[in-house]
Amino acid sequence: MVKHQPLQVYEKQVFVSFVTGIYGCRWKRYQRSQDDSSKWECTWFIILCSSFLLLLFWAYFWLVAQNDFNEFNWSVYNRSGEWRDETIPILASTTVGFSYITFLMILALFHISLGQQLNLYWVHKIGVLATLLTTISGLITVKDIWGDEWDILLVSLQSTAPFLHIGALATVTAISWLVAGYVILVTTRPDFLLLIYVIILLALYLAPLTFNCPCIMDRTSLRPRPDIIGRRGAPMLAPENTMVSFNRALQHGANSLEADVTISVDGIPFLMRDRTLRRTTDVSKVFPARQYEDASFFNWTEIRSLNAGHWFLESDPYWTVETLTARDRSRIGNQTVCSLLEMLRLTARSNSSALLNIRKPPPEHPRSRNWFMDTLWAVQKAGISQKRVTWTPDTDRGRVRGLQQTANEKLRREELKILTCVFLFPREYLANNVSVTVYPVNEPWLYSILWCSGVPSVSSDAPQVLRKVPYPIWLMSQNAYNFIWITSDLVSLAVVIGIFCFQKWRMSGMQTYNPEQIMLSAVARRSSRDVNIMKEKLIFSVISIQMFLPVCSNKLLHCSFNSPLLAITRGILHK
């Protein structure tokens, strides 16, 4: 009777099978390899990393651009003529693409840590390439139709840089585990990777030296809270440039009101942002043949007959209609186009000020030469002090007596020394003792950073949101930030050194690491029928080898016993 010895078995590596299966469609053990990745697969890994970084930048851009989503939709409307919320498909595709690429990046890092080849499946290669090309085309498109929005990235970094620095530092510190393992295991050219990693780490350690964050300041130096100007009222709560919108803005703490003024064909200034009446009125139903006509070529009777509220309830441009009560919806649905006179009378009653963006009529307009007098007539008839009325464009300065003027473009520093006016754009002009109003400001983080910068006023589509910001979101003294910065750098350096030392100790004496190594411990459980059959075959193999050994020695042949099967057989023979 033959005594069976328990055989050695392979340990099941479910996690490794999952990682290699999803990443490279290599579900079987024999499909996996721990050899070095080919240059082609390394190239695809670089493409994957590039796609991840580009998508990270793209996602961050749309995160901070949320402040100007309505401006983006309006820019698209001016090009296409149809009002749609174009941010929805962009955000949806960005979320899906970023999640997909991030998942592949995590799997690739697991491959590196487990010592597996980076064999990306061809379906994933198509997906990565499509995502990369789509993101690049999106960047080009945004630069074409919304190029000015890139400036908000620089502004956002002044607010988020300290936090992004800590996040990047934590990420690079965590990656040191993979870098240390690779550098210790690989004997061919590991110094290049280590040098790159050290340079990146040192750059992150010293990055705060380049930061210029206005909110890193002494609390005693904080200037008064910026005034809030209701830009076209409160357009998130009611249709823009309507009486209900201006009332809502004043109810939510707006100090001033801003409106867009157009002159009708009979000389009545009314409030309309667009060149036509299609977006914010029902002109396509009332005057279908004239829906593409310039709004200034309608007389006041025709303009007054249009409804200026139904479009807001139907299109829901800010996704806020569901928050309105039935009474509010009924009131909004009955709004008509507002005249400048009505708006200025409301401003006078509330003891606030007005900022007017006047669109000069085209040359063929009957009031092209009298637009200034028409506007001045409305100001005088409203009974509001001229000192509380500011308007653009910055023309006809010699005719303006008592009214303040603004410029909505960046001027050269030489012009700043000549003009005394209120600018609507740049923060850098504060140093020249020029009052600045920044627009649009709809997000608390942007309002906070401008508050710390000393901006006296902002123009907002969301006064109801900024009203809830009684203090900057974050404010930190220079000494406190220096302590956080130096402490985080020292902790990161200690962790990196500790990881390298631990990896060196853990891998000392190991040439290679195989996560799917054969388990040499015996199996204690009862053997199955298949295992018993395998044992019988091995025994017969032993008998054959025993019969073969004398032949080998007689013929002076060198027989090799280095294969796994012969190694197991030798163990059985020994016993």
Side-chain angles (χ1 to χ4, degrees), residues 46-73 75-76 85-106 108-109 127-128 130-175 200-201 203-204 207-208 210-216 427 438 440-450 452-453 462 465 472-474 476 481 484-485 488:
I46 294 174
I47 295 176
L48 177 62
C49 294
S50 302
S51 301
F52 174 76
L53 294 176
L54 190 61
L55 265 174
L56 185 64
F57 170 79
W58 179 251
Y60 178 78
F61 168 76
W62 284 103
L63 180 65
V64 299
Q66 186 177 359
N67 180 80
D68 303 323
F69 275 0
N70 193 63
E71 295 296 309
F72 175 74
N73 291 329
S75 300
V76 175
D85 193 346
E86 299 291 347
T87 61
I88 295 178
I90 293 176
L91 295 177
S93 60
T94 300
T95 302
V96 172
F98 185 71
S99 301
Y100 172 66
I101 297 298
T102 302
F103 182 63
L104 289 182
M105 273 293 299
I106 294 174
L109 293 178
V128 170
T131 304
L132 180 61
L133 295 177
T134 302
T135 307
I136 293 175
S137 62
L139 289 169
I140 296 174
T141 303
V142 168
K143 183 179 180 181
D144 180 42
I145 66 175
W146 208 26
D148 294 339
E149 189 64 17
W150 295 117
D151 294 338
I152 199 172
L153 289 174
L154 299 178
V155 178
S156 68
L157 289 176
Q158 292 183 340
S159 177
T160 60
F163 309 100
L164 293 178
H165 171 253
I166 294 177
L169 197 61
T171 302
V172 175
T173 302
I175 292 177
I200 294 175
L201 200 61
L204 282 176
T210 64
F211 293 169
N212 182 20
C213 302
C215 289
I216 299 179
R427 296 174 49 252
V438 181
V441 179
N442 301 322
E443 294 295 321
W445 70 266
L446 184 55
Y447 184 67
S448 299
I449 200 71
L450 294 175
C452 296
S453 301
V465 174
I473 293 179
W474 69 274
M476 190 183 306
Y481 179 68
I484 295 175
W485 163 32
S488 59

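Side chains included, hydrogens not; waters and symmetry mates left out as well; all remaining heavy atoms used.
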Measuring only between side-chain heavy atoms, which start at C-beta, is Pro444 closer than 4.5 Å to Ile473?
yes
Output the distance between atom CD1 (Ile88) and atom CZ (Phe69), rounded to the nearest 0.5 Å.
10.0 Å
At what distance, to the nearest 0.5 angstrom, does OG1 of Thr134 lie from CG of Leu55?
9.0 Å
So how far is it from Glu86 CD to Ile145 CD1, rounded to the nearest 0.5 Å?
8.0 Å
Does some side-chain heavy atom of Met105 sit less than 4.5 Å from a side-chain heavy atom of Cys49?
yes
Which pair of non-hydrogen atoms, one from Pro472 and one from Ser448, has the smallest distance, and what is that distance?
CA-OG, 3.6 Å
Identify the two heavy atoms, one from Ala161 and one from Cys213, that lie closest to each other, and give their separation to 0.1 Å.
CB-SG, 4.4 Å
Is there a side chain to side chain contact (heavy atoms under 4.5 Å, CB included) between Ser488 and Leu169? Walk through the geometry before answering.
CA-CA 8 Å; Ser488 59; Leu169 197 61; 3.9 Å; yes
Taking the ring centre of each residue, are Tyr481 and Trp474 less than 6.0 Å apart?
no
Side chain of Asn67, backbone of Pro440: donor and acceptor closer than 3.5 Å?
yes
Could you report the tightest heavy-atom contact between Ser159 and Trp445, atom names first, then the distance?
CB-CE3, 4.2 Å
For Thr102 and Ser99, indicate whether the former's side chain and the latter's backbone hold a donor-acceptor pair under 3.5 Å.
no
Determine, stepwise, if the pair Asn442 / Asn70 fulfils side chain to side chain contact (heavy atoms under 4.5 Å, CB included).
CA-CA 10 Å; Asn442 301 322; Asn70 193 63; over 6 Å; no
Say you draw a straight line from CG of Asp68 to CG of Asn73; how long is it, rounded to the nearest 0.5 Å?
11.0 Å
Going by heavy atoms in the side chains, are Val76 and Trp146 under 4.5 Å from each other?
no
Leu157 side chain reached by Leu164 side chain, heavy atoms, under 4.5 Å
yes
Flag side-chain contact, heavy atom, 4.5 Å: Trp62 against Thr95
no
Work out which heavy atom in Val128 is nearest to a heavy atom in Ser51; give both atom names and the distance.
CG1-OG, 3.6 Å
Check whether any side-chain heavy atom of Phe72 lies under 4.5 Å from a side-chain heavy atom of Ile90, and answer yes or no.
yes
How far does OG1 of Thr131 sit from CG of Leu48, to the nearest 0.5 angstrom?
10.0 Å
Quiz question: by atom type and distance under 3.5 Å, do the side chains of Trp58 and Thr94 form a donor-acceptor pair?
yes
Would you check if Val142 and Phe61 make a side-chain contact, meaning some heavy-atom pair closer than 4.5 Å?
yes
Between CD1 on residue Ile101 and CG on residue Leu53, distance to nearest 0.5 Å
11.0 Å
Stepwise side chain to side chain contact (heavy atoms under 4.5 Å, CB included) test for Val64 and Thr160
CA-CA 10 Å; Val64 299; Thr160 60; 5.7 Å; no
Any side-chain heavy atom of Leu153 within less than 4.5 Å of one from Tyr60?
yes
Full working for side chain to side chain contact (heavy atoms under 4.5 Å, CB included) between Leu450 and Leu446:
CA-CA 6 Å; Leu450 294 175; Leu446 184 55; 4.2 Å; yes
